[in-house]
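One structure below.
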Amino acid sequence: MCGIVGAVGKAEVSPLLLEGLNRLAYRGYDSAGIATITQNGIDRRRAEGKLQNLVAKMANDPLPGTIGIGHTRWATHGGPTENNAHPHASDKVAVVHNGIIENYQELRDELSKHQVRFESETDTEVIVQLITHYINHGMTPIEASRKTLARLHGAFSLGIIFAGDENLICAARRGTPLAIGHGKDAMYIASDALALAPLTNQICYLSDGDFALLTAHKIEIYDDSGARVERPVRTSSLSADMIGKGEYRHFMLKEIHEQPEVLGDTINALMHPASGEVYLPEMTIDFAKINRLTITACGTAYYAGMVAKYWFEQIAKLPVELDIASEWRYRDVPVETSNAMLVISQSGETLDTLEALRLAKKNGYPSFAIINVPESTMAREADATVFTKAGPEIGVASTKAFTTQLATLAALTLHAAKLRGTITADNLRALTAHLREIPALMAEALRLEKEIKLIATDIHTARDVLYLGRGTMFPMAMEGALKLKEISYIHAEGYAAGEMKHGPIALIDEDVPVILLAPPDALLDKTLANMQEVAARGGKVLLISDSKGCTRGKRNAAWAIEMPACDPFIAPLLYALPIQLLAYHIAVLKGTDVDQPRNLAKAVTVE
Ligand code: G6P
């Protein structure tokens with residue numbers, strides 16, 4: 001949820017840490033800070049708000065040192081003030097922390113009895129004070145850190161440095177990710193290998209429970225039993241330029257425009273190179289043997305799962321139980337022996353989804369995951385993983401990760417349908433061919449951007465927006481509303497079009513635009529009838545359909561976007577683009593921070 005970075009070497013570390021933090025800003029941007037060690041002890045600079053504030057501060061007041069740690073924060077305990085910004089420090093130790101210390105209040109009370117004074121409202125500061133307390137009682141920094149770690153409850157990762165030692169970073173991982181970079185005359189830590197891309201491509205990942213000691217030339221890793229272990233060092237394929245915005249004003253816009261390409265990559269990876277058929281050699285779940293599939297995820301990934309429920313049930317005749325991960329975990333669902341668990345996550349780190357996966361495994365469900373970040377925790381823990389090929393997604397609002405999830409789910413559905421004998425060979429061939437049409441159709445749909453931008457000028461002043469759709473367009477309506485809320489802060493709701501008359505219709509007037517997602521499918525007539533109901537009450541509709549649908553519905557619509565014609569099976573993938581572009585252009589007109597919307601973070605590793 002927060003991003004941590006650290007470096008120990010021979011060069012000045014401040015610029016490296018700032019660059020690393022810049023790459024981690026998607027994990028939180030409430031405040032940022034850096035601490036280094038010099039002969040004079042611990043020194044630090046911290047600033048409230050975006051990283052630029054810290055950069056400006058350090059331009060006037062540089063921070064020397066060849067060892068340091070940095071942090072970008074998404075506030076949990078304590079408001080987003082400079083005082084609560086990391087690194088937290090005493091005169092002996094400085095700490096950066098990602099995650100939550102669940103028993104911090106208990107530890108804080110205990111330390112308060114020893115006259116320890118706290119400077120912040122954070123849970124992190126108990127780590128600083130506890131280590132300091134143990135050092136004051138004669139322990140070495142490493143002993144004090146180990147002893148402190150043993151007392152902490154929760155899911156977290158840590159970077160720790162000590163006054164008087166310019167060649168030691170202690171790092172620990174319990175529940176949230178931590179990558180270690182092996183450089184030339186330097187060692188690094190980071191919440192995400194992406195932060196280290198300009199520094200090194202030699203990366204290893206700490207396993208859960210690991211404690212590591214890093215010096216400029218060496219790393220020692222100990223597992224949770226205290227045994228010395230080796231973690232494999234791999235060459236990361238993340239390159240430094242993957243992070244640039246290129247010709248685009250925002251990462252989100254760049255990522256929207258990357259979709260034809262990354263969808264091509266994702267789909268190609270799911271097809272047999274010779275036969276062109278769906279091909280999932282790594283899939284260990286036998287779809288013919290399961291009676292039900294449970295799908296859990298959070299946010300946009302959940303809506304991808306919701307689209308997939310329609311597909312799995314209609315095409316593979318496989319009943320799907322779908323739930324938000326934070327609900328499913330605590331719902332005490334009866335365990336069925338012939339069930340399997342599918343989790344969907346861009347980051348592979350979202351805590352609720354990860355815990356749902358762990359619970360499913362505990363219940364004996366075979367599990368598989370659709371993940372975008374290859375080295376993530378879920379990818380390691382699921383029985384099988386299918387990777388989307390979206391590449392790094394930096395914009396907090398998910399776009400290309402969502403559509404690559406949909407493509408993967410569509411391919412999985414066809415795979416399951418084949419194994420379950422619920423699809424004819426002709427139909428399988430036809431649907432596979434439609435899936436392959438996606439990149440070209442997306443490229444065509446992106447040409448509608450100018451028109452969508454114009455429509456955005458009419459809609460951006462609205463206070464509320466309603467999105468409607470039927471079938472797979474219902475989850476797409478929810479996703480459309482989520483995109484708009486996230487980045488433009490306009491209140492929006494996604495509804496099943498047929499359900500509108502049971503409540504939302506009361507909201508309809510000329511000030512509440514209605515976005516109707518209506519690709520010509522078996523339900524088009526019914527959806528267009530819902531549009532008439534809106535128009536009859538003075539509501540203004542933006543109709544998104546193809547030429548056939550637009551011809552039939554245009555006269556009742558205030559605006560229309562004429563999409564390329566496509567088979568209804570792949571319509572969710574294609575119709576994602578106008579809703580993304582609409583949200584984007586509305587947000588730009590409103591002047592919001594599109595890539596880093598307020599209060600949100602990209603990877604949510606807290607409950
Ligand atoms: C956050 C992000 C969303 C994302 C959700 C799930 O809320 O802002 O964009 O959909 O987490 O993230 P995941 O990495 O599990 O897909």
Side-chain angles (χ1 to χ4, degrees), residues 266-272 275 277-298 301-325 328-329 331 333-348 350 352-389 401 404-423 427-428 431-432 435 569:
T266 301
I267 292 166
N268 282 342
L270 297 165
M271 302 284 169
H272 193 282
S275 68
E277 287 173 10
V278 171
Y279 178 64
L280 294 164
E282 313 278 301
M283 181 44 63
T284 50
I285 310 287
D286 185 347
F287 282 91
K289 293 218 175 92
I290 58 173
N291 288 335
R292 186 182 297 276
L293 180 63
T294 297
I295 303 180
T296 60
C298 299
Y302 170 73
Y303 294 130
M306 201 165 160
V307 171
K309 176 178 165 73
Y310 286 84
W311 285 337
F312 277 117
E313 292 188 340
Q314 282 165 5
I315 301 169
K317 305 295 170 216
L318 177 61
V320 169
E321 179 205 22
L322 171 79
D323 208 348
I324 293 162
W328 189 83
R329 285 177 65 186
R331 213 151 47 82
V333 183
V335 178
E336 291 172 291
T337 48
S338 54
N339 203 334
M341 168 62 97
L342 164 61
V343 294
I344 308 164
S345 174
Q346 187 285 127
S347 61
T350 302
D352 280 314
T353 312
L354 176 62
E355 290 300 335
L357 170 67
R358 287 175 174 161
L359 179 60
K361 287 183 74 174
K362 205 165 133 211
N363 288 348
Y365 291 5
S367 62
F368 66 107
I370 296 179
I371 305 289
N372 192 44
V373 178
E375 298 89 357
S376 58
T377 310
M378 280 181 232
R380 282 199 297 271
E381 295 196 11
D383 297 333
T385 305
V386 183
F387 292 107
T388 48
K389 303 261 182 270
T404 53
Q405 285 161 355
L406 287 179
T408 308
L409 287 159
L412 261 176
T413 303
L414 298 182
H415 172 78
K418 190 175 164 194
L419 290 179
R420 294 169 71 80
T422 57
I423 190 166
N427 206 13
L428 181 61
L431 294 186
T432 309
L435 206 51
F569 175 53

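Computed over heavy atoms, backbone and side chain alike; hydrogens, waters and symmetry mates excluded.
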Pair Gln405-Thr388, side-chain donor/acceptor within less than 3.5 Å:
no

Asn291 and Pro319: which non-hydrogen atoms are nearest, and at how many Å?
O-CD, 3.2 Å

Check this for me: Lys418, atom NZ, are more than 12 non-hydrogen atoms of other residues, nucleotides or ligands nearer than 6.0 Å?
no

Do Met271 and Val278 have side chains that get closer than 4.5 Å, going by heavy atoms?
yes

I want to check something: taking the side chain as every heavy atom from C-beta on, are Ile285 and Ile290 in contact at a cut-off of under 4.5 Å?
yes

Got a sec, which residues hit ring pair (Phe, Tyr, Trp, His ring centres under 6.0 Å) with Phe368, two or more places apart in sequence or on another chain?
Phe287

If I take atom OG from residue Ser367 and atom CZ from residue Arg358, how far apart are they, to the nearest 0.5 angstrom?
11.5 Å

Distance from Leu357 atom CG to Asp352 atom CG, nearest 0.5 Å?
12.5 Å

Minimum-distance pair of heavy atoms, taken over all atoms of Ile344 and Ala301
O-CB, 3.4 Å

Roughly how far, to the nearest 0.5 Å, is the CG atom of Asp286 from the CZ atom of Arg420?
9.5 Å

Is there side-chain contact between Lys389 and Asn268, with heavy atoms separated by less than 4.5 Å?
no

Contact summary for Ala308 and Ile295, nearest pair of heavy atoms
CB-CD1, 4.3 Å

Quick check: closest heavy atoms across Met378 and Thr385, and the distance to 0.1 Å?
O-OG1, 4.4 Å

Of all the heavy-atom pairs spanning Ile267 and Ala407, show the shortest one and how long it is.
CG1-CB, 4.0 Å

I want to check something: taking the side chain as every heavy atom from C-beta on, are Ile370 and Leu342 in contact at a cut-off of under 4.5 Å?
yes

Do Leu412 and Phe312 have side-chain heavy atoms sitting under 4.5 Å apart?
yes

Val386 vs Leu270 side-chain heavy atoms within contact, under 4.5 Å
yes

Evaluate the side-chain proximity of Met341 to Asn363: yes if any heavy-atom separation is below 4.5 Å, no if none is.
no

Check whether any side-chain heavy atom of Tyr302 sits under 4.5 Å from a side-chain heavy atom of Thr353, and report yes or no.
no

Could you give the distance from CG (Leu354) to CD (Glu381), rounded to the nearest 0.5 Å?
5.5 Å

What's the separation between atom OG in Ser338 and atom OH in Tyr365, rounded to the nearest 0.5 Å?
9.0 Å

Any residue meeting side chain to side chain contact (heavy atoms under 4.5 Å, CB included) with Ile315, in chain and number order, not counting sequence neighbours
Trp311, Thr413, Leu414, Ala417, Ile423, Leu431, Phe569

Phe387 and Pro374 have their tightest heavy-atom pair at CE2-CA, 3.4 Å

List the steps, then state whether side-chain contact (heavy atoms from CB on, under 4.5 Å) holds for Lys361 with Asp383.
CA-CA 9 Å; Lys361 287 183 74 174; Asp383 297 333; 3.9 Å; yes

In chain order, what residues pass the side chain to side chain donor-acceptor pair (under 3.5 Å) check against Arg292, with sequence neighbours excluded?
Glu336

Any donor-acceptor N/O pair, Thr296 side chain to Val343 backbone, under 3.5 Å:
no

Pairwise distance CG(Asp323) to CE(Met306) - rounded to 0.5 angstrom
11.0 Å

